[in-house]
Engineer: 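Right, I'll just put the structure down here and ask away after.
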Amino acid sequence: MAGADRIAENLNDALHHVFADYRDAYLVGEDVSDPYGGAFKVSRGLSTKYPDRVLSTPISENGLLGLCNGLALCGNRVIAEVMFGDFALLAFDQICNFAAKSVSMYGHAKAMNLVIRCPVGGHRGYGPTHSQAVHKHFLGIPDLSLFEVTPFHDNRTLLDELVNLGTPALLFEEKRLYGSRRFTGGRIDELFTFEFAGDHAVSSPGEPGPADVVLIAPGGATFTALAAARSLLLEAEIVCRVITPVRLYPFDIRPLEDLLGEARLVVVAEEGTEGGGWGAEVAHRVYERLWPRLRHRVVLVGARPSIVPTARHLEHEVLLQPERIVAATREALRG
Amino acid sequence: MAGADRIAENLNDALHHVFADYRDAYLVGEDVSDPYGGAFKVSRGLSTKYPDRVLSTPISENGLLGLCNGLALCGNRVIAEVMFGDFALLAFDQICNFAAKSVSMYGHAKAMNLVIRCPVGGHRGYGPTHSQAVHKHFLGIPDLSLFEVTPFHDNRTLLDELVNLGTPALLFEEKRLYGSRRFTGGRIDELFTFEFAGDHAVSSPGEPGPADVVLIAPGGATFTALAAARSLLLEAEIVCRVITPVRLYPFDIRPLEDLLGEARLVVVAEEGTEGGGWGAEVAHRVYERLWPRLRHRVVLVGARPSIVPTARHLEHEVLLQPERIVAATREALRG
Amino acid sequence: MSTTERRREAGGPIATDVDRSDLDLLLLIRHFEQAVLDLFSAGEVNGTTHTCIGQEHVPVALRTLLHPEDFLFSNHRGHGHYLARFGDPAGLLAEILGRAGAVCHGVGGSQHIHRAGFLTTGVQGESVPVAAGVALHLKRHRPGALSVAFIGDGTWGEGAVYEALNMAALWRLPLLLVVEHNGIAQSSPTEAQLAGSIGGRAAAFGLTHRRVDSPDVGRIRELVRGDLERVRSHGVPGVLEFSVPRLGPHSKGDDTRAPEELRSLRRRDWYRHYQRSFPDLFAETEERQRKAVADVVREVRGRPLSTWGTDGWG
Amino acid sequence: MSTTERRREAGGPIATDVDRSDLDLLLLIRHFEQAVLDLFSAGEVNGTTHTCIGQEHVPVALRTLLHPEDFLFSNHRGHGHYLARFGDPAGLLAEILGRAGAVCHGVGGSQHIHRAGFLTTGVQGESVPVAAGVALHLKRHRPGALSVAFIGDGTWGEGAVYEALNMAALWRLPLLLVVEHNGIAQSSPTEAQLAGSIGGRAAAFGLTHRRVDSPDVGRIRELVRGDLERVRSHGVPGVLEFSVPRLGPHSKGDDTRAPEELRSLRRRDWYRHYQRSFPDLFAETEERQRKAVADVVREVRGRPLSTWGTDGWG
Ligand SMILES: Cc1ncc(C[n+]2csc(CCOP(=O)(O)OP(=O)(O)O)c2C)c(N)n1
Ligand SMILES: Cc1ncc(C[n+]2csc(CCOP(=O)(O)OP(=O)(O)O)c2C)c(N)n1
Ligand SMILES: [Mg+2]
Ligand SMILES: [Mg+2]
């Protein structure tokens, strides 16, 4: 809706609130200080207001995550900004082997309030090393939760939850979202409204009764999924609900069981490349809970299994587009 | 069988053959030189014979993988030994962002013959940072294949294939395998025989006809799966085939379609923790190809979602055991 | 016609004569980068790009000291490195614009370029251990050849750099680290991201190091020729640090430096100094290069989009 | 009864008097480590362990210079660090054997231990940036407190160390890096894995560095007291390097060094020197500690297995 703030601003506001609410909040990252305020400007204003607790680091992803781990170990609420999610791979050791493991590996429950913000995804022409959706690599690490910013969820609530989680969390931020406005007030456009089921946002066209298709799509893939749902409705009268989870892992399927069980088809769409990804994990949860009720196998769509090329026309070919979702959905419903 | 060599020796022999066959073969890793020959002794004898091409590096996992990338870039056949697979996470950037991406991201197909050997898994009491089955984190990276040593496959053939693959590969080596003898000659014990379907080893009890259960289990989980299959047969007359793939990703399901389609149940067992793992990816492939024929949802079992504790009795609780497979199988067949 | 022009003015930072081909290249790069920024402003560049305005003289100076069998690792700010090596503005521009004839089919874009003996990646520091591996290969198969890695001052934040230097020093690899120290990394001034000094970092591994401040291509060559020779002939690594001004933004429109700072940096621009020392040649050359770049821009913009696929792979 | 014993012999590496509690601790650690190796040989230790035989004097010497609010990051070879801080052989042995009363319920084992102000991890180098983060916290909330990270010479291979030192130097964090330089990393001699010197690595970041060779606890304290104070009061990082012999295997049965080398290393053992300088006290203390350790071993071996779970979490 026109009135809503852009998501980058909403995130920035959320960060400001964390700092206002908690005197032990830290933000640590490359070029996060004013006037730069981070590569995507999400951290603007923080260093000016809280110069002691906003640290612009050298280009040292593993080191800066280690520093965050030390701060978290001392009980602080720590937010790391990784300039591009691709570089979180440089800090994999500190994230997996220290942050997540420290919660349990010393035999005692040890709280680690650490949020690792990672801008991810393509559609910006940043090329192969700056456009990955790295989610899949961090799946299934005990005591590491994965969250993703959505167009629906207020980041103020979300960030407050994350800095108090007691276990480290990755927060993915799909770059397309930054400049987009949040959906608020239950309405997306003239066709779609949304409500929440548990933590999940559920977008539906006005049609009553069960949907033909339930499309699960996080982060920026929400836009792609909504565009696909619109086409499916207008061009083929296929009623499609779009579910946007905010917590990707562990994935909470319970609030969705009826929705999923009633549909003719469940599709999971993700920004990451097809193969070995988040979609397979979600599908597994769906089968686990809904096997007898499923009328079709769960269909997964994602980016093509390729690096993300730089040139716009090539990037477009690789990344997930509404047409791919539409085609996969129609094929499944036909077959 | 008594006559077969131990798998560590077989691997060592395979390495010697690669060096004998290719004058551009390199082995790079920590403490790989004689007389130490690597933490698990798999590299013994190589540095004595090929002092120029066996490099004992400083403790620099990311750096040493980078060095390997440089050698591979120049057309060499490079084998990296990561002392413990857990530390491959330190080299994630070089593996994912350089080795795998270089194959395609420059617009031209660029061969990268790089094999990254990673001892993985627990059952050794090495504790949380030395016992992970890190496979899941490397799934779904375009142009990165995952392989795992098995008790069936001759590593000489395997390694020769891998150093000529043209794309980088991770080779996981479950630590229990090192001291175990290879199964050869088609027989495992008095109950089980094996044959190959495509690249997969298929172990069967002598029963004719389709199996009740097909259990897919790679690497060291093969032993666990075989023990489970034995119990299931002897205690419950459930006929269970065990499939041991050597290439984990991309997973080739085609040679298995009939076997899987005929079974009442497909179970995937893995050493890694449950959640977001390899099993979900395999399950997805199974559904994709066999949906109409499946009589039960694919059941996944793995280690409990926990760090791997050090003390033997605690480690035992966390890691995958035959009893867990048996229980999950019986429950599924009952339900 | 002589290819070398005598300096007119006495004193000043340019103390040597200029080779016409050097001035050509300096101005080609400058105008190429300017054109990239203009195209960016016009919305014709997808994604991002990092220009090397103010730093052109480093690759130009090194050019004649490098051999064809040397392997160069460039970085995100690599257009100058590429042009100095290949003199192929059309192939590079096509890459940046995703047009036919792009050196990497438009797949890599500005910061992921690979061509024989030349490679760029977008992850800071990642290339240095790779360059060490290449140095090892060269040492054995092409003794005398160098593996050269260009990095910025900020990239010394990355642990990979140290892991690589340690191995290169231990194994005496012909790795030359060329540091373009422009006093800033993205928005962070060097004082805020680098403790101690680059010379100290080199010394930590027992490596030779030289810091060069001159904007004078000829003078730079005099200063560093021996260093390169030493790396080549002894097969040991070395570090060359060039103090340079970054006159443009980090990528596009993201310069947060104060106007006074930029003004003072501009005083260090080789461009001014060469212009002052060789006014006629400079004017003539600049005109030529401006036109050459404009022609390239026009020609490349008219090309069809690049294609990529197994068929298109060369 | 005096707690300090006068040296009998003139000359030799032990030039100061000995405090009884120091000798107690030195010999407790020595016998504890010996007991661990024996238990290992008897098949009673699951997994692996790394003993600090030959290096005990480093934590013993530092003990009195450290404050309760200092935070210590130990490493894989950390039993001595733990015992010097907590004097709790039973809790540590229970951890190694997975018995009741284990300091981490047997979950972490020998190389993953956490207790107030003390933490070990099994990944080399990983702790140094974490220690920098703790140093930052301490600087703000407990000025004068130190964050101390113990690492070996080989761990300088890890890039994380440099990333951390750079930040610690930039932000003037009270981080003390204690390097136990035992000339080897697993099987690799230092010359094969470390180019340049540790002093040079410290200098690269503008850090103070001191190398200490003495096996004499009292002398070490004299030498380094001021260094610790400087880190505390100026809030800046420093590096202390202790040259020590590793007299045992890397972990268990994996020592590939030649007998002559081991013989010559044994000549540097604090044990001999203290034995020679304080024969009576030494004999008496050793007897006492041998027995104390034997008692601990007997008692801990008799305990039930440790339990772990949400219920058992403290
Ligand atoms: C690993 C990694 N972290 C962060 C970035 C984002 N980034 C690109 S260039 C740059 C600054 C580099 O500074 P410097 O090395 O001084 O080179 P300069 O840009 O000044 O030429 C940063 C932070 C990156 N590309 N890679
Ligand atoms: C990241 C990482 N790589 C490798 C290892 C295996 N490892 C354990 S101790 C060790 C040698 C450490 O040498 P040094 O730092 O000199 O300490 P020392 O053992 O001599 O006390 C190695 C390679 C590890 N634990 N972590
Ligand atoms: Mg710079
Ligand atoms: Mg050592």
Side-chain angles (χ1 to χ4, degrees), chain B residues 23-30 33 50-80 87 90-114 142-143 166 168, chain C residues 71 73 95 98 102-109 111-142 147 149 158-171 173 175 306-310 312-314:
Chain B
R23 295 184 49 197
D24 59 4
Y26 278 88
L27 177 76
V28 182
E30 294 162 14
S33 295
Y50 310 98
D52 276 0
R53 292 187 279 129
V54 176
L55 299 165
S56 263
T57 70
I59 312 175
S60 315
E61 287 77 10
N62 195 46
L64 82 85
L65 256 300
L67 189 99
C68 291
N69 278 331
L71 288 168
L73 204 60
C74 296
N76 298 290
R77 289 176 174 81
V78 188
I79 300 170
F87 312 146
L90 281 156
F92 212 111
D93 179 63
Q94 287 289 346
I95 297 171
C96 170
N97 285 336
F98 194 93
K101 286 195 173 51
S102 292
V103 172
S104 71
M105 83 167 175
Y106 297 109
H108 307 264
K110 168 89 201 153
M112 290 285 285
N113 287 313
L114 170 64
D143 289 316
Chain C
F71 199 116
F73 287 85
E95 186 61 38
V103 54
C104 295
H105 297 268
V107 177
Q111 53 181 342
H112 310 95
I113 288 179
H114 182 26
R115 192 170 158 177
F118 187 94
L119 189 140
T120 326
T121 57
V123 183
Q124 299 304 319
E126 190 189 68
S127 66
V128 189
V130 180
V134 169
L136 178 62
H137 180 86
L138 292 176
K139 180 168 186 138
R140 290 175 182 187
H141 297 280
R142 298 189 179 195
S147 178
E158 288 292 350
V161 173
Y162 305 89
E163 299 190 0
L165 289 186
N166 192 33
M167 291 189 284
L170 284 169
W171 302 331
L173 305 180
L175 172 69
S306 68
T307 55
W308 179 46
T310 22
W313 286 358

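In what follows, chains are A, B, ... by sequence order, proteins preceding strands, each numbered from 1.
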Engineer: Non-hydrogen atoms of chain B under 4.5 Å away: do they reach the side chain of S147(C), the backbone, both or neither?
Structural biologist: neither
Engineer: Below 4.5 Å, heavy atoms only, C-beta onward: do R77(B) and R53(B) meet side chain to side chain?
Structural biologist: no
Engineer: Just so I understand: if I count every heavy-atom pair under 4.5 Å between each of P58(B), G66(B), A72(B), G75(B) and chain C, which residue has the most?
Structural biologist: G66(B)
Engineer: For each of H141(C), H114(C), R115(C), E126(C), tally heavy-atom pairs with chain B at distances under 4.5 Å, and name the one with the top tally.
Structural biologist: E126(C)
Engineer: Could you walk me through whether E61(B) and E163(C) pass the side chain to side chain contact (heavy atoms under 4.5 Å, CB included) test, one step at a time?
Structural biologist: CA-CA 9 Å; E61(B) 287 77 10; E163(C) 299 190 0; 5.8 Å; no
Engineer: Could you walk me through whether V107(C) and H112(C) pass side chain to side chain contact (heavy atoms under 4.5 Å, CB included), step by step?
Structural biologist: CA-CA 8 Å; V107(C) 177; H112(C) 310 95; over 6 Å; no
Engineer: If I measure from the heavy atoms of chain B, does A164(C) come under 4.5 Å with its side chain, its backbone, both, or neither?
Structural biologist: neither
Engineer: With sequence neighbours left out, write down each residue that passes side chain to side chain contact (heavy atoms under 4.5 Å, CB included) with N76(B), or none if nothing qualifies.
Structural biologist: D24(B), Y26(B), L71(B), C74(B), V78(B), H137(C)
Engineer: What pairs of residues pass the salt bridge (charged side-chain N to carboxylate O under 4.0 Å, His left out) test when at least one of them lies in residues 93-112 of chain B, not counting sequence neighbours?
Structural biologist: none
Engineer: What residue, out of V161(C), L119(C), V103(C), has the most heavy-atom pairs lying under 4.5 Å from chain B?
Structural biologist: L119(C)
Engineer: Could you go step by step and tell me if T57(B) and V28(B) meet the side chain to side chain contact (heavy atoms under 4.5 Å, CB included) rule?
Structural biologist: CA-CA 7 Å; T57(B) 70; V28(B) 182; 3.4 Å; yes
Engineer: If you tally heavy-atom pairs under 4.5 Å against chain C, which of D52(B), L55(B), N62(B) wins?
Structural biologist: D52(B)
Engineer: Please look at F71(C) and chain B and tell me whether the side chain, the backbone, both or neither of the residue comes under 4.5 angstrom of a heavy atom of that chain.
Structural biologist: side chain
